[in-house]
Amino acid sequence: MDYLEGLNEPQRQAVIFTDGPLMIIAGAGSGKTRVLTYRIAHLIYHGVDPYNILALTFTNKAANEMRERIEKVIGEDAKNIWMGTFHSIFAKILRIEGDKIGYTRDFSIYDTEDSKSLIKSIVKELNLDDKLYKASTVYSRISGAKNRLVSYREYNSNPIYRADDESYQRPEIGRIYQIYQERLFKANAMDFDDLLFNTNVLFRDHLDVLNKYQHKFKYVMVDEFQDTNISQYLITRKLASVYQNIAVVGDDAQSIYAFRGADIQNILNFERDYPTLKTIRLEQNYRSTKTIVQAANSVISKNQAQLKKNVWTSNESGDLIELVKATSDAEEGRMIAQSIFEDKMQFKYKNADFAILYRTNAQSRSFEEALRRMGIRYQVVGGLSFYQRREIKDLIAYLRFAINHNDEEAFKRIINLPKRGIGDTTIAKIVVIANEHKVSIWDVLSGSMKYIGGRAAIALDNFSMLIKTFEIAAKQKNAYDAALEIAKNSGLLKELYEDKSIEGLARYENVQELLNAIKEFVDNPENEDKTLGAFLQEVSLLTTLDETAEEGEDVKDAVTLMTIHSAKGLEFKNVFVVGMEEDLFPSQMMIGSRSELEEERRLFYVAITRAEKKLTLSYASSRYRFGRIKDCEPSRFLDEIDPRCVKQKNASIKNSFGVGEELGLKNLIKTNHTTQQTVAKKQTYKPSPDFKPSDTTYLAAGMKVEHLKFGYGLVLEVQGEEKDRKARINFEEAGEKLLLLSFAKLKVHD
DNA sequence: TCCGCGCGTATTTTT
DNA sequence: TACGCGCGGA
């Protein structure tokens with residue numbers, strides 16, 4: 001059993017303790033994946049049928065990686081392990097067993113966009129105020145309920161929920177929830193949360209089914225246990241209740257998905273539910289330098305809610321953490337890019353040894369620009385997924401509708417695409433009629449003469465005939481041939497082809513790329529089922545993170561840019577955690593309560609612990625956000641790091657003069673904050689009530705800011721020694737340009 | 001029904 | 001900024 005060699009004692013324990021409940025508390029960098037991999041290999045090596053193993057991971061990527069690693073140890077058998085995300089595994093089971101709860105195997109999976117769109121239509125139909133009942137608010141409320149296994153019936157019968165909603169002036173959420181659920185069901189569709197919720201229902205109401213899977217999954221493993229919600233926890237508990245061979249691996253310090261219903265409470269419940277539980281702590285960090293581990297520990301120790309553990313390392317001390325202060329987001333980008341460039345030169349690093357981590361996707365821009373300018377290759381992970389692009393969603397909607405004629409959201413997307421002269425009025429009418437007559441959308445469509453009549457009926461009739469041919473294609477042909485036929489005959493491909501704009505060209509190529517992906521799916525010998533339905537199943541649960549994993553063939557040497565959330569589970573030699581500013585990180589929306597702040601702190605902990613050798617933290621003293629410049633304070637998290645781990649590196653310019661104060665411009669920009677909207681609209685500057693003439697600011701050396709105009713940029717008309725001088729300052733680069741101005745000033749004095 | 005314009009407003013993380 | 005929505009004209 002050579003795979004046991006090289007493991008430390010707790011790791012070895014975690015691998016060989018196979019029978020009975022086990023909880024592995026795995027600190028960052030403690031070799032968790034290795035342990036999980038060997039554990040599964042160990043089971044199979046000792047005669048356990050891979051088919052009896054269920055391994056639940058957080059991302060598809062994690063599952064695939066683990067499968068590959070297990071394959072290296074035990075070979076082909078690894079293919080038969082049931083390994084995947086909660087959502088994909090239970091979607092698979094629901095495909096098989098869904099008929100018992102009223103779904104067919106072709107049910108659609110609504111993504112968040114579909115769900116919100118459905119909520120939007122319901123709010124409209126109920127004539128509710130869509131400002132009050134914003135789709136995102138309603139969605140998160142419903143989602144939260146489902147993750148706690150609260151059905152709409154309970155929601156509506158329990159006065160607590162209603163009282164809560166009423167306190168926010170939204171008493172109708174329960175009603176929307178009910179209609180939303182009914183509409184999903186009618187559409188033969190489930191949203192993400194339903195995949196878990198309905199699995200719970202299935203196992204609760206159909207003991208024979210539960211029994212079948214309880215006996216099938218003799219060994220259950222859950223990775224990233226700290227990120228599971230109640231709904232997921234209950235599923236695993238049920239599944240493991242016969243054999244009790246359940247092993248969970250997690251780190252409470254890395255729980256960063258509470259916003260999605262993840263509950264650290266699960267760890268505590270786990271101890272309560274399994275009195276014979278064995279707990280193993282993996283505390284030795286193999287990844288990072290002493291400095292980084294120490295910094296991470298010092299930060300996380302500020303949290304009250306945590307399990308005690310002592311992460312340590314025998315690695316070398318390594319470099320101090322560098323703290324970079326920049327004056328603007330643009331400068332931050334340049335400084336980081338410069339730093340990467342220098343480190344590459346000095347230490348012969350590859351691009352791929354660097355990662356830039358940020359709190360929000362929108363922050364990637366300044367780094368992209370700076371890296372591009374320096375000719376450093378980079379890849380941005382996350383953001384808008386390929387499968388979320390409009391044209392891709394459009395074609396997929398056609399494919400979905402060909403298979404599931406009741407898919408309301410797919411229907412709404414494609415019915416008038418390309419234009420068929422069927423407008424919003426008709427679409428709304430169809431939906432309303434379907435609901436009033438208690439028939440499906442498809443019934444209304446195919447019987448349009450009866451239900452609608454008139455001119456629209458002809459168009460609808462043609463459409464339903466078209467869909468029927470697609471249905472036949474989907475049934476008789478393989479996924480690729482069917483998709484190609486649909487893309488062509490729907491007119492979608494033609495319309496995109498005729499759009500010769502740059503975006504249009506890109507969209508056409510994207511659709512081609514989707515078709516290629518379907519072709520690959522069909523050609524892949526590992527896929528037995530080559531139907532369109534099978535492809536859609538694969539695709540509906542893919543995320544942005546999975547895409548980069550699949551592009552593995554042409555791995556380019558690139559700096560990685562991504563959010564901290566996406567970085568979980570990854571490691572890089574050099575990590576930059578950027579935008580370390582109060583309100584940005586921790587995010588201003590998150591610091592309402594202690595627990596929210598603590599989640600942000602865990603996020604910071606995750607960021608720090610991605611680094612192996614060198615960690616750099618940066619922040620800007622002013623930042624361009626949402627079309628305006630904002631003064632920024634350094635993040636409180638910076639003060640929480642053990643000061644012995646940090647050394648400062650200032651922007652060279654920033655030292656000489658503070659942008660705002662020195663030039664008096666801070667006031668002006670601040671004043672402008674209060675009148676932002678007006679300014680943007682009228683394109684002229686309107687002083688706010690507290691803007692007194694005395695606020696007119698002297699730049700220096702007789703340059704007087706006489707007049708301010710805000711439009712696309714900030715226009716300063718400067719009067720003084722150089723009477724006619726005007727400086728046009730683009731908002732985006734204001735920080736930088738203002739500095740240039742002050743340089744100019746100095747030169748005058750010379 | 002469709003299209004374009006202008007306005008207002010939202011800004012987190014992802015299965 | 002950038003996106004979505006509503007309104008008005010064709």
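Here the structure is a predicted model, which is why all the values come from computation and not from measurement. Chain naming here is simple, since letters A, B, ... match the order of the sequence lines and numbering starts at 1 in each.
- With DNA chain B read from its 5' end, the first of the two nearest nucleotides for Lys131(A) and Glu599(A) is the one closest to Lys131(A).
- Side-chain proximity of Lys419(A) to the nucleotides dT12(B), dC3(B), dT14(B) is greatest for dC3(B).
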(request) Apply the test salt bridge (Lys or Arg N to Asp or Glu O under 4.0 Å) to residues Glu495(A) and Lys419(A): give CA-CA distance (whole Å), side-chain angles for both, the deciding distance (0.1 Å), then the verdict. (result) CA-CA 10 Å; Glu495(A) 179 165 281; Lys419(A) 301 267 173 290; over 6 Å; no
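- In this structure, the ring of Tyr139(A) has its center no less than 6.0 angstrom from the ring center of Tyr180(A).
- For Arg359(A) against dT13(B), a side-chain-to-base donor-acceptor contact under 3.5 Å is present.
- Distances shown here put every side-chain N or O of Thr59(A) at or beyond 4.0 Å from the OP1 or OP2 atom of dT14(B).
- Using a 4.0 Å cut-off, no side-chain N or O of Thr112(A) falls inside it from OP1 or OP2 of dT15(B).
- Applying the 5.5 angstrom centroid cut-off and the 30 degree plane-angle cut-off, the aromatic ring of Phe259(A) is stacked upon the base of dT13(B).
- Distance check, rounded to the nearest 0.5 Å: CZ of Arg170(A) to CD1 of Ile176(A) gives 9.5 Å.
- Between dG4(C) and dT13(B), the two C1' atoms lie 23 Å apart (nearest whole Å).
- Look at Lys120(A) and you'll find a side-chain N or O under 4.0 angstrom from OP1 or OP2 of dC5(C).
- When the side-chain nitrogen and oxygen atoms of Asn416(A) are compared with OP1 and OP2 of dT1(B), none of them lie within a distance under 4.0 Å.
- With dT14(B), dT12(B), dT1(B) as the candidates, the nucleotide lying closest to the side chain of Thr360(A) is dT12(B).
- In terms of position along DNA chain B, the nucleotide closest to Arg420(A) lies nearer the 5' end than the nucleotide closest to the other residue of the pair Thr563(A) and Arg420(A).
- Under the salt bridge (Lys or Arg N to Asp or Glu O under 4.0 Å) test applied with Asp223(A), the options Lys61(A), Lys568(A), Lys32(A) reduce to a single match, Lys32(A).
- The shortest distance between the side-chain N/O atoms of Ser587(A) and the OP1/OP2 oxygens of dT13(B) is not below 4.0 Å.
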